[in-house]
Amino acid sequence: MRFLRDGDITVAVVGFGYVGSCLAATLADRGVDVIGVDTDGNLVAELNAGRCRFREEGLAELLGDGLASGRLRITSDYAETRNADVVLVTVGTPVLADGSLADGQLRAACAELSRHLRRGQLFVVKSTVPPGTTRTIVRETLERSGLTGSIDFGLAFSPERLSEGVALRELKTFPIVAGGLDPDSAAAAAEFWRRSLGVRAIPLESPEAAEIVKLADNWWIDANIALANELAKFCAVHEVDVIEVIAAANTIPKGSSMINILLPSVGVGGSCLTKDPWMVWQSARRRGVEILTVPAAREINAGMPEYTAQLALSALADLGKDPDTATIAVLGLAFKNNTGDLRATPTQPTIAAFTKAGAEVRIFDPLVDAAEAEDVFGIPVSASIEDAVRGADCVAVLALHRQLEDLDFATLPVAADCLVLDGRAYYSKGKIHSLRELGYHYRGIGRAA
Ligand SMILES: NC(=O)c1ccc[n+]([C@@H]2O[C@H](COP(=O)([O-])OP(=O)(O)OC[C@H]3O[C@@H](n4cnc5c(N)ncnc54)[C@H](O)[C@@H]3O)[C@@H](O)[C@H]2O)c1
């Protein structure tokens, strides 16, 4: 059976969180009729009132345009999904403490969908899941409708591989993988992505292959960053600049591409890299295979906030400043540059370590929600950069958003002998030199002291 009809189609996006809203807004912008469904009534009301809680550049405007044009509707009513030709599932898929999938959102969404399912619909799961989930949990729950996957409805898995901060651009350029329960489902999903987003589609033989693609990407990223973080520690003991080493190391080809060591930092955060590798580990373990790189990489990356905090605290001690009486201003709180996302941000344990050492900590980030930040850090967000750094013994740049790139260190009202701690700014040698000329001291992860 063909699971994608010709002509204009209607798409339902189920789970209108960060991923769902980016996807739905982009599809609506490309002229697709989109119905967004989310069980969080407050979120739905907020979005329909023109407020967007997701801090992705351009997203609020794109959602507003979609709603205004009528191409995008957002509701809590699952009955609307019956009108959709394609249903994209983008609910949350966290993991439990043992690394296994917390499948509550996925099961509940599929159960609701099964009540309104009609023949000929194509279902595409985008939420990150362990291999086998689409074929078992999703298919079996949808089949409660009395209809059969591969015969009455199509079912495929397409990983969502966008990256926060640049998501809207990536959605229109990244190739999309589609693994179907059967060849017709895979072909329909691939055709859907080609037509609706204008991107290259990569059909795969099974949903499991596509599920593993997503896990492989994030497993690679987390392990690669772990390597970069250990390389930074290694460079530090030899008083060598890790940034120069990585730039030079990355200049030779290996396999079909170049060596590509990523950058060290204060740590890895966000909702994906901190959990997806555990899905690999747990799913392998259940089948009697022990994956060693996952726990090693997770441990290395999870240790970076403490390493970073100690870098600053020992530098302050070297400057004769007692951490107990020092003031540390943290600029940039999000888990990466140019997002306002505080989920699992490594700045939280870094700040906790500063506070534990007795320091007074002030915080500032132009992109995060101030109330949410106060909740996460237990410290109110300063009204301005100047307020945050006034009299500070250390300015810790833990996320270098564009708004912080032009920071004029010459005019900051900091204390004498102020330390600049570089957690994710990757200041150039020239910049470090000019900071020193201004009287600052500098420490960076893997940067020669
Ligand atoms: N955040 C990212 O950068 C990113 C990137 C790639 C993939 N992913 C994956 O995409 C998925 C979604 O991630 P997210 O960051 O958008 O999560 P999120 O928590 O922001 O959004 C999930 C949404 O689903 C809604 N929901 C929960 N149960 C529901 C139900 N039964 N019916 C309808 N809606 C329901 C929630 O209210 C919430 O709005 C996850 O599997 C995640 O791993 C996320």
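All of these numbers come straight from a predicted model, not from anything done at the bench. Indexing begins at 1, ligand by ligand and atom by atom, following the structure's order.
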Please check if the number of heavy atoms outside Glu57 that lie under 6.0 Å from its CD is greater than 12.
no
Can you find an N/O atom of Asp38 closer than 3.5 Å to an N/O atom of ligand 1?
yes
Salt bridge Arg195-Asp8, side-chain N to carboxylate O under 4.0 Å
no
Tell me, which protein residue and heavy-atom name are nearest atom 24 (O) of ligand 1, and how many Å apart are they?
Gly15 CA, 3.5 Å
Here the atoms of ligand 1 under 4.0 Å from any heavy atom belonging to Leu43 are 39 (O)
Just jot down the ligand 1 atoms closer than 4.0 angstrom to any heavy atom of Asp40, in number order.
37 (O)
Taking only heavy atoms of Tyr78 into account, list the atoms of ligand 1 that are under 4.0 Å away from them.
30 (C), 31 (N), 32 (N), 33 (C)
So which heavy atom on Val368 is nearest to which on Ala373, and how close?
CG2-CB, 3.9 Å
Which atoms of ligand 1 sit under 4.0 Å from any heavy atom of Ala109?
31 (N)
Closest non-hydrogen protein atom to atom 4 (C) of ligand 1, residue and atom name please, with distance?
Cys272 SG, 3.3 Å
Check whether any N or O atom of Lys214, backbone or side chain, sits under 3.5 Å from an N or O atom of ligand 1, and answer yes or no.
no
Kindly determine whether Arg402 and Glu405 satisfy salt bridge (charged side-chain N to carboxylate O under 4.0 Å, His left out), including the steps that lead there.
CA-CA 5 Å; Arg402 273 184 284 281; Glu405 274 173 11; 5.9 Å; no
Using a 4.0 Å heavy-atom cut-off, which part of Ser271 comes near ligand 1: side chain, backbone, both, or neither?
side chain
Is it true that atom CD of Glu140 has more than 12 heavy atoms of other residues, nucleotides or ligands lying nearer than 6.0 Å?
yes
Geometric N/O contact Val19 with ligand 1, under 3.5 angstrom:
yes
At under 4.0 Å between heavy atoms, is it the side chain or the backbone of Lys275 that contacts ligand 1, or both, or neither?
side chain
Just do the side-chain contact (heavy atoms from CB on, under 4.5 Å) check on Asp29 and Lys172 with the steps written out, would you?
CA-CA 11 Å; Asp29 185 51; Lys172 286 186 276 192; 4.1 Å; yes
Distance-minimising heavy-atom pair for Leu171 and Val199
O-CG1, 3.7 Å
Atom 20 (O) of ligand 1 [closest protein heavy-atom partner, distance rounded to 0.1 Å]:
Tyr18 N, 3.1 Å
For atom 22 (C) of ligand 1, which protein heavy atom lies nearest, and how many Å away is it?
Gly92 N, 3.5 Å
With nothing but distance in play, are any N or O atoms of Arg161 less than 3.5 Å from an N or O of ligand 1?
no
Looking at Cys22 and Ala167, what are the two nearest heavy atoms and their distance?
SG-CB, 4.2 Å
Please compare Arg53, Arg107, Arg343, Gln105 and report which has the shortest non-hydrogen distance to atom 17 (O) of ligand 1.
Arg343
Should we say atom CZ of Arg169 is surrounded by more than 12 heavy atoms from elsewhere, each under 6.0 Å from it?
no
Ion pair Asp241/Arg447, N-O distance below 4.0 Å:
yes
Within a radius of less than 6.0 Å around CZ of Arg5, do more than 12 heavy atoms belonging to other residues, nucleotides or ligands occur?
yes
Suppose we measure from atom 3 (O) of ligand 1 to each protein heavy atom; which comes out shortest, and what is that distance?
Glu164 OE2, 3.3 Å
Working for salt bridge (charged side-chain N to carboxylate O under 4.0 Å, His left out), residues Glu46 and Arg53:
CA-CA 8 Å; Glu46 224 175 83; Arg53 64 171 77 160; 3.0 Å; yes
Worked verdict on Arg2 versus Asp6 for salt bridge (charged side-chain N to carboxylate O under 4.0 Å, His left out)
CA-CA 10 Å; Arg2 278 196 71 213; Asp6 295 331; 3.4 Å; yes
Protein contact of atom 41 (O) of ligand 1 - nearest heavy atom, named by residue and atom, plus distance
Thr93 OG1, 2.5 Å
Which ligand 1 atoms does Gly17 reach within 4.0 Å, using its non-hydrogen atoms?
16 (O), 20 (O), 21 (O), 23 (C), 39 (O)
Would you say Glu112 touches ligand 1, if touching means a heavy atom closer than 4.0 Å?
no
Would you kindly specify which portion of Thr90 sits under 4.0 Å from ligand 1, judged on non-hydrogen atoms: side chain, backbone, both or neither?
backbone
Any side-chain heavy atom of Phe377 sitting closer than 4.5 Å to one from Thr345?
yes
Among non-hydrogen protein atoms, atom 11 (C) of ligand 1 lies closest to Val91 O, 3.4 Å
Could you find the nearest protein heavy atom to atom 35 (C) of ligand 1 and give me its residue, atom name and distance?
Thr39 OG1, 3.3 Å
Pairs of nitrogen or oxygen atoms closer than 3.5 Å, one from Thr128 and one from ligand 1: do any exist?
yes
I'd like to check which ligand 1 atoms, numbered from 1 as shown, lie under 4.0 Å from a non-hydrogen atom of Ala108.
31 (N)
Among Asp341, Asp365, Asp369, which one satisfies salt bridge (Lys or Arg N to Asp or Glu O under 4.0 Å) with Arg55?
Asp369
For Glu160 and ligand 1, does the shortest N/O to N/O distance drop below 3.5 Å?
no
